[in-house]
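Here is the structure we will look at, set down as structure tokens.
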Number of protein chains: 2
Amino acid sequence: MKKGVTIKDIAKKLHMSVSTVSKALNNDPSISALTSERVKALAQELNYVPNEAARHFKLSRTFTLGLIIPDILDQYYAFAINGVEAVAEQRGYHVILSQSHEDVATEQKIVDVMVRHRVDGVIVSVTKNTVDMQPFRKLLQMGIPVVCIGREPKGGMFDFVTSDNHEGGFAATDFLIKKGHRHIAHLMGPEGMRTSHARYEGYKAALEANGIPFREELVKAVDLTPEGTYRAMEELLQLAEPPTGIFTFKNYITLEALHYLKTQRPELLEKIGFTGFGNLPILHYLDHKPLASIEESSFEIGEEAARILFERMSEKDEEEPTQYHSRQLPCRLVVHDHL
Amino acid sequence: MKKGVTIKDIAKKLHMSVSTVSKALNNDPSISALTSERVKALAQELNYVPNEAARHFKLSRTFTLGLIIPDILDQYYAFAINGVEAVAEQRGYHVILSQSHEDVATEQKIVDVMVRHRVDGVIVSVTKNTVDMQPFRKLLQMGIPVVCIGREPKGGMFDFVTSDNHEGGFAATDFLIKKGHRHIAHLMGPEGMRTSHARYEGYKAALEANGIPFREELVKAVDLTPEGTYRAMEELLQLAEPPTGIFTFKNYITLEALHYLKTQRPELLEKIGFTGFGNLPILHYLDHKPLASIEESSFEIGEEAARILFERMSEKDEEEPTQYHSRQLPCRLVVHDHL
DNA sequence: TTGTAAGCGTTATCAC
DNA sequence: GTGATAACGCTTACAA
């Protein structure tokens, strides 16, 4: 890196002290308008660009948020990232993004890196296998606030923003029922995830509210791999009374379930109605789409998480907070056009 | 930010000087094994984490790459990001990512931010409207190397990594011809982009190689909006001799063209064969897919760009380089299964 | 092999 | 309203 212009250079040229220059640049009210003008003019002329690394160091603040998500290829997260960035940018922060790729060890390494870089706060969607929240507790203890999004951390004790999964599960199931389905399966998320259970409970509640008996064999937990979904579909279709409607945990499960039908049981493709979480743009291009999707506002989740994080960062450094926010943003049921 | 443990703390406890501690931590050979051990042990015990902000400041290097892309929601870029990160991580660098959202003003602001943060190098895929490369030239002048990916910068003079667009255009067109198509249209990219022209030239070359006359009216430039694609399709299908095969500039254009047929001219859906650039995972889930896709290895493009960038960063700071790399990574034609 | 000391660019605290 | 000076945490000649 070539050494750029510093406030020292400006001070020298203007025969002022560096502190005056610094203050002028930071609009300190104790500086006269004239001086301020001259400094800024010269700064402009010399292409002065403040060295953030030096500021961060001096201020013990990096104006940086760490964002940890499982996978950027999942558009759910891509939207969330944008939400976080929107708020961050607005407040003069920037975001460093890392992907855990659903790997717990990687996740921990990322946390380390973020500590080294002294991020001012962290937003994380933990991996589907994350059980031990210790690394994140440590952040809290270091005074670095943490907000979780999407996936609920084990053991609570973290600020947390997600969709209203129960309500969404209810709406998705209820929609199928209102469409006349009576045998409704649920391809639920991994057993280990609280989100899975929330959606599952919504599903059960909708059945109950509509007087439809719950059948255990119609619920299959999948592991978020295509093979897992195929297996679950196979089992469902072998039942004596197979489902005519399926509510899925997530976009990609719907896609894979449809793909399974297309390749293995094309005759059923028109017969089984789907609803599911997630309303990604790609659904628009499918021939066989779900009847309806539960739109999770992941952008807004990102925004809200960032807002909470900023709130935490501005609180004065008491020890760990005693109370944690848990926000559930409403979902929206979107009915898809079918040609 | 709570103040963490510093090497000063370690030095005090061990009755050593900070420089000794620093050297021990950095495996300086001049430090005795014993001392080194003791330092590291205590560092571990105290949970010492080096303050990168301080190091960056001191070293005038941030070990940070700036990555500027139009849109993270486009999986093409998502893969490229992963490629860049893979190489960066391997070398102990991290990446700060920003999206221009195809907006030139935003792009310039991002460049400013990157300068403020003193990134050590920049990888950028310019917006589709970027004409003035001046902001990036300025980076070069400041000694911050720049590598472009995907979209070729106007006026050359930058290191540049992309797919072999000509070859890909040729292969996609040739494939349709070999399938028996004689009337092959090309939904080309924006006129302003060199990439568009390279693919277009490949298309023309394939026609010529196969003795098929080129028909100007079969080529439509689209602006990468859905509406643009619809319009182009409309025009193509109104021709006296409409195309039976269409080669598209990009995934999303294929998707939108198919969507157009689905909604407007479903009877043609099975009649028109598509090939196009991009082989995103989502294609897998489509019923009507292109016959074949030109797989661009965007992950590898990211990797290669990062490698070139590191090479540049390690060159000693002569003024701007006199010669620029221009790498075209081979594409792969992938034939899709059709049920 | 270890210690001393200077300095990276900026801001903050005081004194003037 | 302005300036001198110390300090942030770390690395690195150079001295011992």
Side-chain angles (χ1 to χ4, degrees), chain A residues 1-40 42-43 46-64 92 115-120 142-143, chain B residues 1-40 42-43 46-64 92 115-120 142-143:
Chain A
M1 193 173 63
K2 217 158 295 183
K3 34 185 21 78
V5 179
T6 73
I7 51 175
K8 224 169 174 173
D9 300 325
I10 299 182
K12 204 169 293 172
K13 290 226 167 142
L14 254 28
H15 304 290
M16 295 175 179
S17 74
V18 289
S19 50
T20 306
V21 174
S22 172
K23 285 172 197 153
L25 255 12
N26 291 292
N27 298 312
D28 187 306
S30 78
I31 296 296
S32 75
L34 174 66
T35 310
S36 194
E37 281 312 308
R38 290 179 58 213
V39 169
K40 285 177 183 167
L42 185 62
L46 296 181
N47 274 313
Y48 166 74
V49 184
N51 183 330
E52 293 295 333
R55 294 190 67 226
H56 297 167
F57 168 51
K58 169 68 184 171
L59 297 175
S60 304
R61 290 180 66 189
T62 55
F63 303 95
T64 299
V115 175
R116 297 172 69 99
H117 284 279
R118 300 295 195 266
V119 295
D120 296 333
M142 298 179 66
Chain B
M1 191 175 66
K2 216 156 295 183
K3 33 188 21 73
V5 179
T6 73
I7 52 174
K8 223 168 172 173
D9 301 325
I10 298 181
K12 205 170 294 171
K13 290 227 168 145
L14 255 27
H15 304 289
M16 298 176 179
S17 74
V18 290
S19 59
T20 305
V21 174
S22 171
K23 286 172 197 155
L25 255 12
N26 290 295
N27 299 312
D28 187 305
S30 79
I31 297 297
S32 75
L34 175 64
T35 310
S36 194
E37 282 310 309
R38 291 178 59 211
V39 169
K40 285 178 182 166
L42 186 61
L46 297 181
N47 274 314
Y48 167 74
V49 184
N51 182 331
E52 293 294 334
R55 294 190 67 225
H56 297 168
F57 167 51
K58 170 65 185 172
L59 298 175
S60 306
R61 291 180 66 189
T62 55
F63 302 95
T64 298
V115 175
R116 296 171 69 99
H117 283 279
R118 301 292 197 268
V119 296
D120 296 333
M142 299 179 65

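Any value given below was found using the heavy atoms of this structure, including those in side chains, with hydrogens, waters and symmetry copies removed. Treat the numbers as computed from the prediction; the structure is a model and nothing was measured. Just so it is clear: chains get the letters A, B, ... in the order the sequence lines come, proteins before strands, and each one is counted from 1.
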A:Thr64: partners by side-chain hydrogen bond (donor to acceptor under 3.5 Å, both in side chains), with sequence neighbours left out: none
side-chain N/O A:Arg55 vs C:dG9 OP1/OP2, d < 4.0 Å: no
Kindly list each side-chain donor-acceptor pair under 3.5 angstrom involving residues 4-11 of chain B, sequence neighbours excluded, with atom names and distances?
from, atom 1, to, atom 2, distance (Å)
B:Thr6, OG1, B:Lys8, N, 3.1
B:Thr6, OG1, B:Asp9, N, 3.4
B:Asp9, OD2, B:Thr6, N, 2.9

Inter-end axis angle, the helix from C:dT1-D:dA16 to C:dC16-D:dG1, with every axis fitted to five base pairs (rounded, 10 degrees): 40°
Residue met sooner reading DNA chain C from 5', once A:Lys23 and A:Ile7 are mapped to nucleotides: A:Ile7
Residue-phosphate contact under 4.0 Å: A:Ser19 side-chain N/O, D:dG3 OP1/OP2: no
Near-parallel close stack of B:Phe57 and C:dC8 base (under 5.5 Å, under 30°): yes
Strand-adjacent residues in residues 24-40 of chain A, judged by heavy atoms under 4.0 Å from DNA chain C: A:Asn26
Between C1' of D:dC10 and CZ of B:Arg61, the distance in whole Å: 15 Å
Listed partners of A:Asn47 passing side-chain hydrogen bond (donor to acceptor under 3.5 Å, both in side chains), at least two apart: none
Results of side-chain hydrogen bond (donor to acceptor under 3.5 Å, both in side chains) for B:Thr35 - residues two or more places apart only: B:Ser32
By side chain to side chain contact (heavy atoms under 4.5 Å, CB included) - contacts of A:Lys58 (at least two apart): none
Partner set under side chain to side chain contact (heavy atoms under 4.5 Å, CB included) for A:Lys13, not counting sequence neighbours: A:Leu42, A:Leu46
By salt bridge (Lys or Arg N to Asp or Glu O under 4.0 Å) - contacts of B:Arg38 (at least two apart): none
